[in-house]
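Read through the structure below, which is laid out as structure tokens, and then see the notes.
For the numbers below, each heavy atom of this structure counts, side chains included, while hydrogens, waters and symmetry mates do not. Given the structure is predicted, the values throughout are model-derived calculations rather than measurements. To find a chain, count down the sequence lines: A is the first, B the second, and so on, and within it residues start at 1.
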There are 2 protein chains.
Amino acid sequence: MARAATRTVRRVARPAPRKPVRRARRATYHHGDLARALVDAAVAIIDERGAEAFTLREAARRLGVNHRAAYRHFADKDALLAAVAEQGFRGLIDATRAQAAGLTEPAARLAAAARAYVAFAAEHPAHFRVMFAPRHNEGATRTLSGAAPFATVDALVAEAYALLEAEVRAGMASGAFAADAGPHPVIALWSAMHGLASLVLMKRVDVPPGRLGTWVDRIFERSLRGLR
Amino acid sequence: MARAATRTVRRVARPAPRKPVRRARRATYHHGDLARALVDAAVAIIDERGAEAFTLREAARRLGVNHRAAYRHFADKDALLAAVAEQGFRGLIDATRAQAAGLTEPAARLAAAARAYVAFAAEHPAHFRVMFAPRHNEGATRTLSGAAPFATVDALVAEAYALLEAEVRAGMASGAFAADAGPHPVIALWSAMHGLASLVLMKRVDVPPGRLGTWVDRIFERSLRGLR
DNA sequence: ACCTGAACACCGTTCAAGT
DNA sequence: ACCTGAACACCGTTCAAGT
């Protein structure tokens, strides 16, 4: 009995003095965009303390709302993470378009896309990790072509892929690259850039500061030479 | 009070009829290798139901031991996962050596290593995911060269890397590959294979059945052409 | 030396209300 | 329409014992 009482006191003791702060914060989201705020909070938590530190309750705590409020906007924790992934893929697509803007040669546009990919991962590690987290990618029906529960994410992946595929098609039409058996050149390029980005993020590969873009260019150049 | 009683009954109700089975199983590990059994259970759980489904309590339940027993062999959950990663890297190193055995040309030995890497990922998805899970790879001091908490894992990564590096050195000495600015050829090769393996595991890339080895060969060949 | 039991401080999610 | 509170069935981990 004495123990139970102690426990109750301890639980209440921490959040109690924060109540005024909570009220002030809640006003911000009362008729604001709580869904968006939750996505931003998730990204911030993952960037600061890793994917495992992200919990619905922690995100809600940061925004000064009850943890149950999230369920008004997302079906569950996974759905919120899917929203983070969507935001990420949109950002990646925008960055790819921006980097390629003004370039006309297919090879140059592809190289720009490769640079954009790795730079995006380096600058938005939380987004990148959620975009390629197993949860959203392992469902049997969630292939490149077959849509399913996380249909929007899948559609964005397909859109990003199509961007690169169009460049390869243009390069083949103009005779800059040769057609060739085996995996599609986009898959080879994607693999190389995805692998480099992943290994750099998990610090298994050390890139000298400021040299990441050059490394991408050199790897891209080498595989392109193999395609000619 | 009635509620509390119901809850207690429910909690006890499920495991109770299993008690004889538990006893029988526990005998197996009484003076057996519980550490090893826990590693195997972790791999089985992750293969069956994903990395998020693995909990210390579930692993202990499968082996019929109290969940606290794991702490006699591992400091915490992460240490158990590190043991899974170690087992994985040892398996990868063995597979790489086995694939290259009998081959003398550095290019052929590297191609064999590339095939072994992607095949290992396809055949041991749970190991592969744990080996490259953020937890063991994000610590500031856990780079390729600087050892730290998960020192054994780091040493094994370095060993696997050294295997490839020796082949590249041999290839350069014999004039088969050219030296060249930018990332080390091992990093380019590792990135391409790691990216392909990751994208295949998360089903973002569809490989026609039985064609994975050929795809690896083609990607390897193309980047090698770029190195000459 | 190896394992267990009870307890603590967390989770995600459900149900039933509150405004 | 949007948010809250209490409760449930889980976790990982600690403390204190049991054999």
Side-chain angles (χ1 to χ4, degrees), chain A residues 1-16 19 22-23 25-38 42 45 49-82 135, chain B residues 1-16 19 22-23 25-38 42 45 49-82 135:
Chain A
M1 268 302 183
R3 247 180 215 155
T6 307
R7 196 207 313 185
T8 306
V9 169
R10 229 185 247 153
R11 264 189 198 157
V12 174
R14 223 191 332 160
K19 230 169 185 170
R22 275 182 169 194
R23 284 264 163 73
R25 273 188 192 161
R26 194 176 59 191
T28 313
Y29 301 110
H30 191 225
H31 277 94
D33 196 346
L34 181 56
R36 173 80 185 215
L38 283 165
I45 293 166
R49 286 161 39 208
E52 321 245 312
F54 163 64
T55 63
L56 284 180
R57 288 166 110 114
E58 170 64 16
R61 240 177 263 130
R62 291 199 178 200
L63 300 175
V65 295
N66 185 281
H67 67 274
R68 280 272 344 163
Y71 288 86
R72 192 63 40 183
H73 304 278
F74 300 100
D76 53 21
K77 196 190 179 189
D78 263 8
L80 173 43
L81 285 173
R135 275 291 186 109
Chain B
M1 268 303 180
R3 246 180 216 155
T6 307
R7 198 208 309 186
T8 306
V9 168
R10 232 185 243 152
R11 266 190 197 157
V12 174
R14 225 192 328 160
K19 228 165 188 176
R22 277 182 166 194
R23 285 263 163 76
R25 272 188 194 161
R26 194 177 59 189
T28 313
Y29 302 109
H30 190 228
H31 277 96
D33 196 346
L34 181 56
R36 172 81 185 213
L38 283 165
I45 292 165
R49 285 160 41 208
E52 322 245 310
F54 163 63
T55 64
L56 285 180
R57 289 167 110 112
E58 170 65 16
R61 240 177 263 130
R62 290 198 179 202
L63 300 175
V65 295
N66 185 282
H67 67 275
R68 279 271 345 160
Y71 287 85
R72 194 60 42 182
H73 305 277
F74 300 100
D76 54 21
K77 195 190 179 189
D78 263 7
L80 173 45
L81 286 173
R135 276 288 187 111

Problem set entry | Watson-Crick/G-U partner (both atom distances under 3.5 Å) of C/dA7 | D/dT13

For this session: Would you mind pulling out the nucleotide paired to D/dC2, Watson-Crick or G-U wobble, both distances under 3.5 Å?
Result: C/dG18

Exercise. Between A/H73 and D/dC3, does any side-chain N or O lie under 4.0 Å from OP1 or OP2?
Worked result: yes

Seminar exercise, completed: Judged by nearest nucleotide, the residue sitting upstream toward the 5' end of DNA chain D, A/A69 or B/R72, is A/A69

For this session: Considering only atom C1', compute the distance from D/dA17 to C/dA1 and round it to an integer number of Å.
Result: 15 Å

Exercise. Looking only at atom P, what distance separates C/dA16 and D/dC2, rounded to whole Å?
Worked result: 22 Å

Seminar exercise, completed: B/N66 atom CG is separated from D/dT19 atom C1', nearest whole Å, by 14 Å

For this session: Please state how far atom CG in A/L63 lies from atom C1' in D/dT4, giving the value in whole angstrom units.
Result: 16 Å

Would you compute the distance between atom [atom1] of [X] and atom [atom2] of [Y] and round it to the nearest 0.5 angstrom?
X: B/H67; Y: B/T55; atom1: NE2; atom2: OG1; value: 10.0 Å
X: B/R61; Y: B/N66; atom1: CZ; atom2: CG; value: 11.0 Å
X: A/R62; Y: A/I45; atom1: CZ; atom2: CD1; value: 4.5 Å

For this session: Given side chain to side chain contact (heavy atoms under 4.5 Å, CB included), test B/F74 with B/L56 step by step and report yes or no.
Result: CA-CA 11 Å; B/F74 300 100; B/L56 285 180; over 6 Å; no

Please produce a list of atom pairs where a protein N or O lies less than 3.5 Å from an N or O of nucleotides 11-13 of chain D.
residue: D/dC11; atom: OP1; partner: B/R61; partner atom: NH1; Å: 3.4
residue: D/dC11; atom: OP1; partner: B/R61; partner atom: NH2; Å: 2.9
residue: D/dC11; atom: OP2; partner: B/R61; partner atom: NH2; Å: 2.7
residue: D/dG12; atom: OP1; partner: B/L56; partner atom: N; Å: 2.9
residue: D/dG12; atom: OP2; partner: B/L56; partner atom: N; Å: 3.4
residue: D/dG12; atom: OP2; partner: B/R57; partner atom: N; Å: 3.3
residue: D/dG12; atom: N7; partner: B/R57; partner atom: NH1; Å: 2.4
residue: D/dG12; atom: O6; partner: B/R57; partner atom: NH1; Å: 3.1
residue: D/dT13; atom: OP2; partner: B/Y71; partner atom: OH; Å: 2.9
residue: D/dT13; atom: OP2; partner: B/K77; partner atom: N; Å: 3.1
residue: D/dT13; atom: O5'; partner: B/Y71; partner atom: OH; Å: 3.4
residue: D/dT13; atom: O4; partner: B/R57; partner atom: NH1; Å: 3.4
residue: D/dT13; atom: O4; partner: B/H67; partner atom: NE2; Å: 3.0

Exercise. Mind checking what makes side-chain contact (heavy atoms from CB on, under 4.5 Å) contact with B/A75, not counting sequence neighbours?
Worked result: B/A79

